[in-house]
Protein chains: 2
Amino acid sequence: MRIVILGGAGFLGKKLASELLYRGQIAWKGGKPQVIDKLILFDKIPATGMPMDPRLEIVQGDIGHAKTLESLMEPSPQLIFHLAAIVSGEAEKNFDLGMQVNLQASLNLLELCRQMASTPLLVFASSCAVYGGALTETVDDHSAPSPQSSYGTQKAMVDLLINDYSRRGFIDGRALRLPTIAIRPGAPNAATSSFVSSIIREPLQGKNAICPVAPDTKVWILSPQKVTKNFIHAAELKASDFGESRILNLPGITTTVEEMISCLGELAGKETIDYIQWKPDKFIQSIVLTWPPQFKTDRALDLGFSSDDSVSQIIQSHIEEMS
Amino acid sequence: MRIVILGGAGFLGKKLASELLYRGQIAWKGGKPQVIDKLILFDKIPATGMPMDPRLEIVQGDIGHAKTLESLMEPSPQLIFHLAAIVSGEAEKNFDLGMQVNLQASLNLLELCRQMASTPLLVFASSCAVYGGALTETVDDHSAPSPQSSYGTQKAMVDLLINDYSRRGFIDGRALRLPTIAIRPGAPNAATSSFVSSIIREPLQGKNAICPVAPDTKVWILSPQKVTKNFIHAAELKASDFGESRILNLPGITTTVEEMISCLGELAGKETIDYIQWKPDKFIQSIVLTWPPQFKTDRALDLGFSSDDSVSQIIQSHIEEMS
């Protein structure tokens, strides 16, 4: 089978690709395992650091360019992971770019999928940033999206499109709303949630990290290891498992910034905590503090998606991957 | 002030126009009454049957044509009522047309509004068809849209856009999710809810009407008189009244097809009921029967929006308007 990962040079895209290549096959749509013949990593920059593998193809291009996307879908893939996005902070600062990539390119992709001879399976990386505002209660599968950012708005719109394109049989879509992914490796990015990884990652490297929110700020997180498993699991479910909605809030765990830092101290030594500088940032707070931290994800759990056991486990996994 | 009604040749557009011309002014955004200098009715067909009025301008054009929409917005209106849509049944049968008008033209409109020197107020006719599926519980202001039609999907997407464009200050938007409007005058249309009006309207004219659903089918309805008042009320609220969300489920009343028919018999004579033919229609049922019939619209009621008192009152008002 032929698989395309859009946003394939991002850290989640590369991690997903590595896992797919390692497994070598996928029990596509709950059926028999199918061998992965071709795996295409598409992004605006070439995916680096990937192993040499005859199945792997790295393609560089602009997803906002209709013709580029069209040629990428020729020959048609059976499975597409759509992870390409302008992240939350950037989409808030550059509205047009966010609309172009997060909405318009996704719409172009869906239209290309609709024209394919065989209905492709599409796994979409949506976000819990579709929720926001004065949400004091726990968010569940019936809670209305209430985005307080353009990024969250665009994700919520594409969720709806994926649901309708699936209902009509144009695609077989699965939209997964991701918690904040922690701990991300590499450098900080323009996501407003970037600090959730920085406050653990940088001190472990003996570098300073800035925490722009108060210690008691709650966050809803999922590890890169688990989200990768969940992406593949989404493709291994039957369409009928989803019932009337292709949109799912992924499981995660609720923690606080201070609990994360406390776990860091326990696992890596109290001195690591000194690398964290507390500098309140109003722009980041204006978005992050609207994200609800409490979720009830019964539907995803019933469908076999999973979260991490604890914050300690998440940090420990990160330490092991980095060593 | 300059007002544009998109979808102005439709029966709701014309009714709204007549009411605005009659009032002559509007307490725009909760402020002092402002005189209506110009009222433009835009639609794909010319609005007919309107009184001669120097304030009134009737413009014919395709809302899906970007240049047409652009010239319509020159000079910029202060207030836009966006009632233009491909109705539910038609958007389900012609997906491309629905996407073009219900989504793309709305997006083009929002972009034009964003470019205006003064932020325009935009009242959008959304729909309770954004809800659907296995909804056994009462829908409230926190219920997630779960459209089971492309029409409902497109309306839910534009709701989100209006909210985000308003949050960013590009427009001052208010998206009203309309119940099924009954009793509509004129001929049946391609809305899947068209029969809700037909079963009352046609018998009153001595004509046969087809009811495609079972007698105990519940419907959530609002009269043309009340929705017109609610449209204007939406423009007369301050932006701050809406808080974090510009999206509202309008109030309505829940009734059944058989209760409507029973009221018809009481008001117009038992013999009128004989004009109703029961012919189950699977296509119409596949959409209408997914619409939730029970709503709790506290937020709209708190903001001063209103519903009808009874089914009898709705039918009586229709009889009076037609005589």
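Numbers restart at 1 for each chain; the letters A, B, ... are given by sequence-line order, proteins then strands. Keep in mind that the numbers below use all heavy atoms, side chains included, and drop hydrogens, waters and symmetry copies.
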Among all residues two or more places apart in sequence or in another chain, which pass the side chain to side chain contact (heavy atoms under 4.5 Å, CB included) test with Lys238(B)?
Ser240(B), Asp241(B)
Interface check, chain B: of Asp159(A), Asp141(A), Asp164(A), most non-hydrogen pairs under 4.5 Å belong to Asp164(A)
Pairing residues for Asn230(A) by the side chain to side chain donor-acceptor pair (under 3.5 Å) criterion, not counting sequence neighbours
none
Does anything in residues 78-90 of chain A reach chain B? List residues with heavy atoms under 4.5 Å apart, or say none.
none
Scanning both residues in full, the closest heavy-atom pair of Pro145(A) with Ala144(B) reads CD-CB, 4.2 Å
Side chain proximity check, Glu244(A) to Ser146(B), heavy atoms < 4.5 angstrom
no
Ser150(B) portion near chain A, given a 4.5 angstrom heavy-atom threshold
both
Suppose a student defines contact as a heavy atom less than 4.5 Å from any heavy atom of chain B. Which residues in residues 108-118 of chain A would they list?
Glu111(A), Arg114(A)
Of Ile247(A), Leu160(A), Leu107(A), the largest count of non-hydrogen pairs under 4.5 angstrom with chain B goes to Leu160(A)
Between the CE atom in Met157(B) and the CG atom in Leu103(A), the distance rounded to the nearest 0.5 Å is 5.5 Å
Considering residues, nucleotides and ligands other than Lys29(A), do more than 12 of their heavy atoms fall under 6.0 Å from its NZ?
yes
